[in-house]
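One structure is given below, encoded as structure tokens.
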Amino acid sequence: MQNASHLPPLKKHTFRIITIVVCGVIAVVLSGTLLFSCDKPDPKSSEQYETATTGKVELLCDESIAGFMQPTFRLFDSSYNDAAVSIKAVSAREAMTQLFGTKSRGVVIARGYLADEDSLLKANKVPAHASTIIATDALVFAVQRNFPLDTISLTQLQRLFSEKGATLREMFPQLKTEPTIICPDSYSSEYGNVLLYLTKNAAPKHVLSLTKNAAEAKAAVLSNPNAIAIGYLSQFARDANLKMLKIGFQDSTGSYVRPKAVHQSYIVMGKYPLPIKIQGLLLEDRRNLPWGYITFLRNDVRTKEYFLKNGIVPEGARFNLIPDEE
């Protein structure tokens, strides 16, 4: 595992989900910086002959969610025999680099624009990419079942990652040693979401142990009882060997929301502070094959059922929540 300190910025849940009603620019990463030029797609490409459900295209997927999303990709493949869509798993940063550089016609990713990406869009007066939200996941902090903490606050997490010298042992005296915090590497969407949610886009002040990918981060926390893995609800929802820290926070009205179990019902209700949108970003805002593919992932009833059963929130679904207890 790598050390991230030197890297530059770049109780049971009380609600159940009962029903689901479904009715240009070249980007090159150099020391955390994106460099742009003005390439345009080749007008002679095969794209001009395709439709929303026919043709051939390669799309990119954030590798942190690619395994989870694979069953939904297969659903499209089995539904449209005249469409050949290949999915290549790459880091979130690589996916955005290829999209910005017009080298990819679409990406599926679990984060929004980082600060430098957003700034370069504005500086070059380029509009944001056409986007479609597919589902809502969550950024979580997973630990072994016997880890001495069950809850933490969003304020404490923000302080831990933003304030030099801040430690969990200082915040929680019951900890005998400072936990190791594990995260996929700095090109991952998990790391990007730490920047977006916890550090105001600055480099984390707390030392992170970086792994090659999400699978290695999960394996590391399973082997270390004093570790905390940063990941997604979709990665940990069904793992009985780990628990996810409950997070208390102040909502947009200033009211304190006490820590609750990390569960899709609380994401629907806005009672978990770190929701993550899984979204499709498109190079072209037109009804071509990339658009048809991303739209399918959002709208197909089978994909919605898959997301629901695997612990995250399908987009465009309607939920009936029955309170068990408060």
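Values reported hereafter were calculated over all heavy atoms of this structure, with side chains retained and with hydrogens, waters and symmetry mates removed.
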Heavy atoms of Gly311 and Leu233 approach each other most closely as O-CD2, 3.1 Å
Point-to-point distance, once rounded to the nearest 0.5 Å, from CG of Leu168 to CG of Leu157: 8.0 Å
Lys271 side chain near His263 side chain, heavy-atom distance below 4.5 Å: no
Under 3.5 Å donor-acceptor, Glu216 side chain and Thr211 backbone: no
Steps toward side chain to side chain contact (heavy atoms under 4.5 Å, CB included) verdict (Leu175, Leu149): CA-CA 8 Å; Leu175 295 174; Leu149 296 184; 4.1 Å; yes
Is it true that Arg93 and Asp116 have a side-chain N and a carboxylate O under 4.0 angstrom from each other? yes
Using the side chain to side chain contact (heavy atoms under 4.5 Å, CB included) rule, take Ile181 and Phe161 through it: C-alpha gap first, then chi angles, then the decisive distance, then the call. CA-CA 11 Å; Ile181 300 182; Phe161 291 106; 4.1 Å; yes
Is a side-chain donor or acceptor of Tyr272 paired with a backbone partner of Leu139 at a separation under 3.5 angstrom? yes
Quick one: does Ser104's side chain get under 4.5 Å of Lys88's, heavy atoms only? no
Is the shortest side-chain heavy-atom distance between Leu208 and Tyr191 below 4.5 Å? yes
State, with a plain yes or no, whether a side-chain heavy atom of Leu154 is found less than 4.5 Å away from one of Leu198. yes
Asp62 side, atom CG; Met96 side, atom CE - distance, nearest 0.5 Å: 10.5 Å
Check for a donor-acceptor pair, side chain of Lys304 on one end and backbone N or O of Glu315 on the other, with a separation under 3.5 Å. yes
Could you see if Ile109 belongs to whatever hydrophobic cluster contains Ile133? Use Ile, Leu, Val, Met, Phe, Trp, Tyr and a side-chain cutoff under 4.5 Å. no
Side-chain donor/acceptor of Lys246 to backbone N/O of Ile152, under 3.5 Å: no
For residues 158-170, the side chain to side chain donor-acceptor pair (under 3.5 Å) pairs (sequence neighbours left out) are Arg159-Glu163, Arg159-Glu170
Tightest non-hydrogen contact, residues Lys212 and Asp185, listed as O-OD2, 3.7 Å
Got Ser189 and Tyr232 here, is their nearest side-chain heavy-atom distance under 4.5 Å? yes
Just by distance, do the side chain of Gln235 and the backbone of Ser64 share a donor-acceptor pair under 3.5 Å? yes
Quick one: do Ile134 and Val108 satisfy side chain to side chain contact (heavy atoms under 4.5 Å, CB included)? Show the steps, please. CA-CA 9 Å; Ile134 298 167; Val108 178; 4.1 Å; yes
From CG (Leu289) to CD1 (Ile294), nearest 0.5 Å: 10.0 Å
So, the side chain of Asp118 versus the backbone of Tyr113: is there a donor-acceptor pair under 3.5 Å, distance only? no
Tell me, with the steps shown, if Lys277 and Ser131 meet side chain to side chain contact (heavy atoms under 4.5 Å, CB included). CA-CA 11 Å; Lys277 300 297 183 183; Ser131 64; over 6 Å; no
Within the structure provided, determine whether Lys218 and Asp239 are in side-chain contact (heavy-atom separation under 4.5 Å). yes
Would you check if the side chain of Gln279 reaches a backbone N or O of Arg111 as a donor-acceptor pair within less than 3.5 Å? yes
Would you call the rings of Tyr306 and Phe68 parallel, tilted or perpendicular, where under 30° means parallel and over 60° means perpendicular? tilted
Are Thr155 and Ser153 close enough that a side-chain donor and a side-chain acceptor fall under 3.5 Å? no
Look only at the side chain of Asp137 and the backbone of Ser234, and say whether a donor-acceptor pair between them is shorter than 3.5 Å. yes
Nearest-0.5 Å distance that lies between atom CG in Leu196 and atom CG in Asn201: 5.5 Å
Side chains of Leu160 and Met171: does their closest heavy-atom pair fall under 4.5 Å? yes
May I ask you to decide if the ring planes of Tyr80 and Phe296 are parallel, tilted or perpendicular, using 30° and 60° as cut-offs? perpendicular
Atom pair OG/CD of Ser91 and Gln98 - distance to nearest 0.5 Å: 9.5 Å
Quick check: does any side chain N or O of Thr303 sit under 3.5 Å from a backbone N or O of Leu297, one acting as donor and the other as acceptor? yes
Only residue of Lys56, Arg287, Arg105 satisfying salt bridge (charged side-chain N to carboxylate O under 4.0 Å, His left out) with Glu50 is Arg105
When you compare the side chain of Ile312 with that of Thr136, does any pair of heavy atoms fall below 4.5 Å? no
dist Phe147:CZ -> Leu242:CG (nearest 0.5 Å) comes out at 12.0 Å
Is the distance between the ring centroids of Phe141 and Phe236 less than 6.0 Å? no
Is the side chain of Asn226 donor-acceptor paired with the backbone N or O of Lys176 at a distance under 3.5 Å, no angle test? no
